[in-house]
Amino acid sequence: MDDLDESLGTYLDDWLERRRPQLRPTTQHSYQQLIRCYLQPMLGEVQLRKLDRRILERAYARLLASGGRSGRPLSTKTVQYCHGVLRRALEDATLDGLLEANPARIARPPRHAPDDDEFDDDLQVWTGAQAADFLAFVEGHPLRALWHLALGTGARRGELLGLRWVDVDLDSGQIRIRRSLSVIEGVPRLLGTKTSRSRTLSIGSSVVEALRRHRDEEEHRHRAADEWRNRWGLAFTGVQGEPIDPIQVTTTFRDLVRRAPVPVIRLHDLRHSNASLRNTRRVAADASFDGFGDAVVAVL
């Protein structure tokens, strides 16, 4: 086939294969899913040289309206991710001389869909009292210490799930983030962090206590299990010591937060909440505010 008649679907397959050595495994897997699930079904048959802004924007609108599983609406963020992958791929096509210009540069991805989600842009972080209320609500939940550690450190989901007990020092109140857990094509993998650097984080006394309790509970589960699968020594595992799928953690958090007496936020927003709580504590300390909230101390 002449390169000028090459379809976008064929080009994307070739592009992803060529890009594989430069991509982290998680990024490569994410690109592959976006291409195969959304971009190729929607635009795969279009000839590369015929792509223009209008075609792309119509495709984005269709993805937003019915591009999900069983014709369900696709989230704005997912469509934006599709646009990002397409823009990068078509930029390479331009450099390869297959396109005169990259149409994704001027195409506008959706910014917002009215029914996209239930999150209020003004409620992306919790106050100390709200964070404490959530932790009280999840008292007794198997992953309570995970939520507490997320709020207390601002670590990423994969970093928390990839945390190993050998990197936890409860006596000094520190954890070392060295790995991130990902599940790629159903297989759990311990990879480097997003920045490819390890870092040491301090944890407060309330987080230390939550982790001590969690460790005791895990040891009890270990003794009671017929088979223990925690071969990496992870701090957070499933019933028999198996790694926990990050998607499962996000789903569990979403279900809990919808039932808890707190504003609904996303799991990732716990990172923002941590930053906000730390700033609140810093401002209060600078102002010598004797009435600084106990709730913030209980979280951090």
Side-chain angles (χ1 to χ4, degrees), residues 1-113 116-117 156-158 180-187 189 191-197 245-247 250 266 268:
M1 176 186 295
D2 190 298
D3 285 344
L4 293 177
D5 294 324
E6 184 175 20
S7 70
L8 176 61
T10 300
Y11 176 77
L12 288 174
D13 281 336
D14 175 67
W15 175 79
L16 189 59
E17 187 63 31
R18 287 188 290 120
R19 277 294 181 182
R20 191 183 304 272
Q22 289 89 44
L23 300 175
R24 285 167 49 90
T26 50
T27 303
Q28 184 268 325
H29 179 67
S30 176
Y31 282 11
Q32 179 177 290
Q33 293 295 102
L34 292 170
I35 287 170
R36 294 184 179 176
C37 293
Y38 308 121
L39 291 175
Q40 285 179 328
M42 186 64 65
L43 290 164
E45 299 301 319
V46 180
Q47 288 180 340
L48 198 59
R49 63 188 177 89
K50 292 186 176 180
L51 286 172
D52 61 23
R53 170 182 169 179
R54 291 176 302 171
I55 289 175
L56 296 185
E57 290 184 353
R58 283 198 295 266
Y60 297 155
R62 291 197 297 272
L63 285 172
L64 193 65
S66 58
R69 185 175 300 178
S70 302
R72 295 177 182 174
L74 206 58
S75 73
T76 300
K77 187 169 290 292
T78 300
V79 179
Q80 289 171 345
Y81 285 152
C82 288
H83 170 73
V85 172
L86 194 57
R87 177 168 176 164
R88 184 171 181 179
L90 295 182
E91 193 65 29
D92 283 351
T94 304
L95 294 174
D96 292 338
L98 301 177
L99 291 173
E100 292 184 3
N102 181 356
R105 278 194 172 191
I106 58 174
R108 293 172 295 188
R111 296 298 181 188
H112 178 71
D116 221 13
D117 53 45
R156 297 178 176 87
R157 177 185 66 177
S180 180
L181 179 76
S182 294
V183 175
I184 300 176
E185 296 184 350
V187 179
R189 297 181 61 180
L191 306 171
T193 63
K194 187 173 183 178
T195 61
S196 300
R197 296 179 180 178
D245 190 324
I247 298 299
T250 296
R266 298 160 295 194
H268 184 75

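Model, not experiment: these values are computed from the prediction.
Not one N or O on the side chain of Tyr81 forms a donor-acceptor pair closer than 3.5 Å with the backbone of Leu34. Between the side chain of Gln80 and the backbone N or O of Pro110, at least one donor-acceptor pair lies under 3.5 Å. The backbone N or O of Gly9 lies less than 3.5 Å from a partner atom in the side chain of Gln40, making a donor-acceptor pair.
Rounded to the nearest 0.5 angstrom, Glu100 CD and Thr94 OG1 are separated by 9.5 Å. Rounding to the nearest 0.5 Å gives a distance of 9.5 Å between CG of Asp13 and CG of Leu8. Here CZ of Arg266 is found 7.5 Å from NE2 of His268. Values are rounded to the nearest 0.5 Å. For the atom pair CG (Leu16) and CZ (Arg36), the distance works out to 7.5 Å, reported to the nearest 0.5 Å. Note that CG of Leu48 and NZ of Lys50 are 12.0 Å apart. Values are rounded to the nearest 0.5 Å. The distance from the CZ atom of Arg24 to the OG atom of Ser30 is 11.5 Å, given to the nearest 0.5 Å.
Contact between Arg197 and Thr193 at its shortest, heavy atoms only, is O-OG1, 2.8 Å. Closest heavy-atom contact between Glu6 and Leu98: OE1-CD1, 4.1 Å. Across all non-hydrogen atoms, the minimal contact from Gly68 to Leu74 is CA-CD1, 3.7 Å. For the residue pair Ile55 and Asp52, the shortest heavy atom distance occurs at N-OD1, 2.8 Å. Closest approach of Leu181 to Pro246, counting heavy atoms only: O-CG, 3.8 Å. Among all heavy-atom pairs drawn from Arg157 and Thr250, the shortest one is NH1-OG1, 2.6 Å.
Using a cutoff of 4.0 Å between basic side-chain nitrogens and carboxylate oxygens, Arg20 and Glu17 are scored as salt-bridged. Using a cut-off of 4.0 Å between Lys/Arg side-chain N and Asp/Glu carboxylate O, Asp92 and Arg18 are scored as not salt-bridged.
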**Message:** If you apply the rule side chain to side chain contact (heavy atoms under 4.5 Å, CB included), what do you find for Leu43 with Leu12, and how did you get there?
**Reply:** CA-CA 11 Å; Leu43 290 164; Leu12 288 174; over 6 Å; no
**Prompt:** side-chain hydrogen bond (donor to acceptor under 3.5 Å, both in side chains) between Ser180 and Arg156: does it pass, once the steps are laid out?
**Reply:** CA-CA 8 Å; Ser180 180; Arg156 297 178 176 87; over 6 Å; no
**Request:** Go through the steps for Val183 and Ile247 under the test side chain to side chain contact (heavy atoms under 4.5 Å, CB included), then give the verdict.
**Result:** CA-CA 9 Å; Val183 175; Ile247 298 299; over 6 Å; no
**Request:** List the steps and the verdict of side chain to side chain contact (heavy atoms under 4.5 Å, CB included) for Leu86 and Tyr60.
**Result:** CA-CA 11 Å; Leu86 194 57; Tyr60 297 155; 3.8 Å; yes
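Side-chain contact between Asp96 and Tyr11: present, with at least one pair of heavy atoms (C-beta onward) separated by less than 4.5 Å. Taking 4.5 Å as the limit, every side-chain heavy atom of His83 sits out of range of all side-chain heavy atoms of Arg108.
His29 pairs by the ring pair (Phe, Tyr, Trp, His ring centres under 6.0 Å) definition with nothing, not counting sequence neighbours.
The aromatic rings of Trp15 and Tyr31 sit parallel to each other, their planes meeting at less than 30°, with 60° as the upper class boundary.
Within 6.0 Å of atom CD in Gln33, more than 12 heavy atoms from other residues, nucleotides or ligands are found, so the atom counts as buried in its surroundings.
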